[in-house]
Each structure stands twice: as C-alpha cells, then as structure tokens.
Amino acid sequence: MEFKENRGIYLQIADSLCNQILDGRLKPNDRVPSVRDLAVELEVNRNTVMRSYAHLQDEGIFDNKRGVGFFVAEHAIEKIKEKEKTYFFENDLPGVLQKIRLLKLNSSELKKLIQEIHKND
C-alpha cells in the first residue's frame, strides 16, 4: 500500500479496509487480520493499525470481540455506503458539477458517465 501525505495513514488504512468490504474481499462477520499481522504486512506501527481499527469500530463498521479480535460488523456495507455517499455529495460532486459547467459539457460527452449510472438502476 502506498500512502499519500495529504491524509493520515490510519485513515488511509481504514479506507482500504472499507474498500475491501465493499468489493467483497471482507464480508460481514469475517474476522479481519490481527493488528500485528496487518502492521507487518503494511510496514507500519501497530498503534497506527490499532487506531484504524478503533476508528472503524467507532463508526460501527468493525466489532471487537475481546480476546478474539476484530470482525466486520453485520451492517458494515450499509454504513460505508451511507458515509461514502454523504462525502461524495458534500465534497466531490460540487467540483464535478462546476467542471461540467465550466467546460460546457453536454449529454453526449457525458454518455459514459450516464451509462455507468444506469447500470445501478
């Protein structure tokens, strides 16, 4: 995993884990890698991974079973989608819409985007 400097490493790890849940590599009720194992794999401090796991637990995405480890929460997918949609609509979409207006893009130029959106219907 390559980390970017513009965002905390623990948040980037949390984002990566959320992406693994959304794409099905981690499923609800799956045990996630131990803090130690993931820290070794990512070559980061264990405290950084623990901070990621605690963050995901606070958001209701991970459950911690004392003495056993962390697990993907039952409703993790819904919580992640809700969080990501809110972020997209508040932070990403306004910039996209502004770019569409500035470039005066039309529907035929945005056909690929519209086709992707229709796949979700």
Side-chain angles (χ1 to χ4, degrees):
M1 187 169 173
E2 291 185 33
F3 298 107
K4 299 178 176 98
E5 291 186 27
N6 62 342
R7 190 154 189 219
I9 291 174
Y10 84 97
L11 291 172
Q12 293 178 62
I13 293 169
D15 289 346
S16 174
L17 290 164
C18 286
N19 289 339
Q20 290 177 45
I21 292 168
L22 289 177
D23 73 16
R25 286 183 279 162
L26 286 172
K27 295 178 180 20
N29 300 313
D30 279 358
R31 187 174 189 277
V32 297
S34 72
V35 170
R36 179 177 296 159
D37 289 346
L38 190 58
V40 168
E41 179 184 330
L42 299 177
E43 298 177 351
V44 298
N45 188 294
R46 284 185 291 187
N47 291 331
T48 303
V49 174
M50 188 61 216
R51 191 170 177 193
S52 300
Y53 282 19
H55 174 74
L56 292 171
Q57 182 181 5
D58 290 345
E59 291 191 345
I61 295 167
F62 278 4
D63 291 326
N64 184 6
K65 297 181 182 176
R66 290 191 76 129
V68 181
F70 286 90
F71 292 78
V72 177
E74 184 71 34
H75 301 289
I77 293 170
E78 293 85 3
K79 288 183 182 285
I80 296 167
K81 284 183 178 180
E82 180 181 316
K83 179 182 75 147
E84 290 294 321
K85 282 180 185 179
T86 299
Y87 183 89
F88 175 77
F89 284 116
E90 291 176 359
N91 298 289
D92 296 333
L93 187 59
V96 171
L97 293 174
Q98 180 182 14
K99 197 63 129 174
I100 288 170
R101 283 191 295 274
L102 289 172
L103 297 174
K104 298 189 184 330
L105 299 175
N106 60 43
S107 58
S108 64
E109 292 171 316
L110 294 171
K111 188 175 183 177
K112 186 174 183 178
L113 173 64
I114 294 167
Q115 287 171 340
E116 285 298 316
I117 292 170
H118 281 302
K119 287 180 185 177
N120 294 327
D121 289 341

### Query
Say you draw a straight line from OG of Ser16 to CG of Leu11; how long is it, rounded to the nearest 0.5 Å?
12.5 Å
### Message
Once ring pair (Phe, Tyr, Trp, His ring centres under 6.0 Å) is applied, do any residues pair with Phe62, and if so which ones, sequence neighbours excluded?
### Response
Tyr53
### Task
Mind listing the closest non-hydrogen atom pair of Glu90 and Pro94 along with its distance?
O-CG, 3.8 Å
### Message
If hydrophobic clusters are built by linking Ile, Leu, Val, Met, Phe, Trp and Tyr wherever their side-chain heavy atoms come under 4.5 Å apart, do Leu22 and Val72 end up in the same one?
### Response
yes
### Task
Verify, without hydrogens or angle tests, whether Thr86 (side chain) and Glu82 (backbone) share a donor-acceptor contact under 3.5 angstrom.
yes
#### Entry: Results of salt bridge (Lys or Arg N to Asp or Glu O under 4.0 Å) for Glu59 - residues two or more places apart only
Lys83
### Message
Show every side-chain hydrogen bond (donor to acceptor under 3.5 Å, both in side chains) that has at least one partner inside residues 63-79, sequence neighbours left out.
### Response
Asn29-Glu74
#### Entry: Check: Arg51 side chain, Ile9 main-chain N or O, donor-acceptor pair, under 3.5 Å
no
### Query
In Å and rounded to the nearest 0.5 Å, what is the CE to CG distance from Met1 to Leu38?
9.0 Å
### Task
Tell me whether Ile100 is reachable from Leu103 by hopping between hydrophobic residues (I, L, V, M, F, W, Y) whose side-chain heavy atoms are closer than 4.5 Å.
yes
### Query
Val44 and Met50: same hydrophobic cluster, using ILVMFWY side-chain contacts below 4.5 Å?
yes
### Task
Measure the spacing between CZ of Phe88 and NZ of Lys81 and express it to the nearest 0.5 Å.
15.0 Å
### Query
Looking at residues at least two apart in the chain, or sitting in another chain, which of them share a side-chain hydrogen bond (donor to acceptor under 3.5 Å, both in side chains) with Arg7?
Asp15
### Query
Can Leu17 and Val32 be said to form a side-chain contact (heavy atoms from CB on, under 4.5 Å), step by step?
CA-CA 9 Å; Leu17 290 164; Val32 297; 5.5 Å; no
### Query
Does CZ belonging to Arg46 count more than 12 external heavy atoms closer than 6.0 Å?
no
### Message
With a 4.5 Å cut-off on side-chain heavy-atom distances among I, L, V, M, F, W and Y, is there a chain of contacts connecting Tyr87 to Leu97?
### Response
no
### Task
Step by step, work out the side-chain contact (heavy atoms from CB on, under 4.5 Å) result for Phe3 and Glu43.
CA-CA 11 Å; Phe3 298 107; Glu43 298 177 351; over 6 Å; no
### Message
With a 3.5 Å distance limit and no angle check, can you tell me whether Asp37 reaches the backbone of Pro33 through a side-chain donor-acceptor pair?
### Response
no
### Query
From Ile21 CD1 over to Asp30 CG, what is the distance, rounded to the nearest 0.5 angstrom?
9.0 Å
### Task
Report the distance from atom SG of Cys18 to atom CG of Leu26, rounding to the nearest 0.5 Å.
10.0 Å
Could you pull out all donor-acceptor pairs under 3.5 Å where a side-chain atom in residues 113-121 meets a protein atom, sequence neighbours excluded?
| from | atom 1 | to | atom 2 | distance (Å) |
| --- | --- | --- | --- | --- |
| Glu116 | OE2 | Lys119 | NZ | 2.9 |
| His118 | ND1 | Asp121 | OD2 | 3.2 |

### All ring pair (Phe, Tyr, Trp, His ring centres under 6.0 Å) counterparts of Tyr10, not counting sequence neighbours
His55
### Task
Provide the closest heavy-atom pair for Gln12 versus Glu2 in the form atom of the first, atom of the second, distance.
OE1-O, 4.2 Å
### Query
What pair of heavy atoms forms the shortest contact from Gly60 to Ala73, and how long is it?
O-CB, 3.2 Å
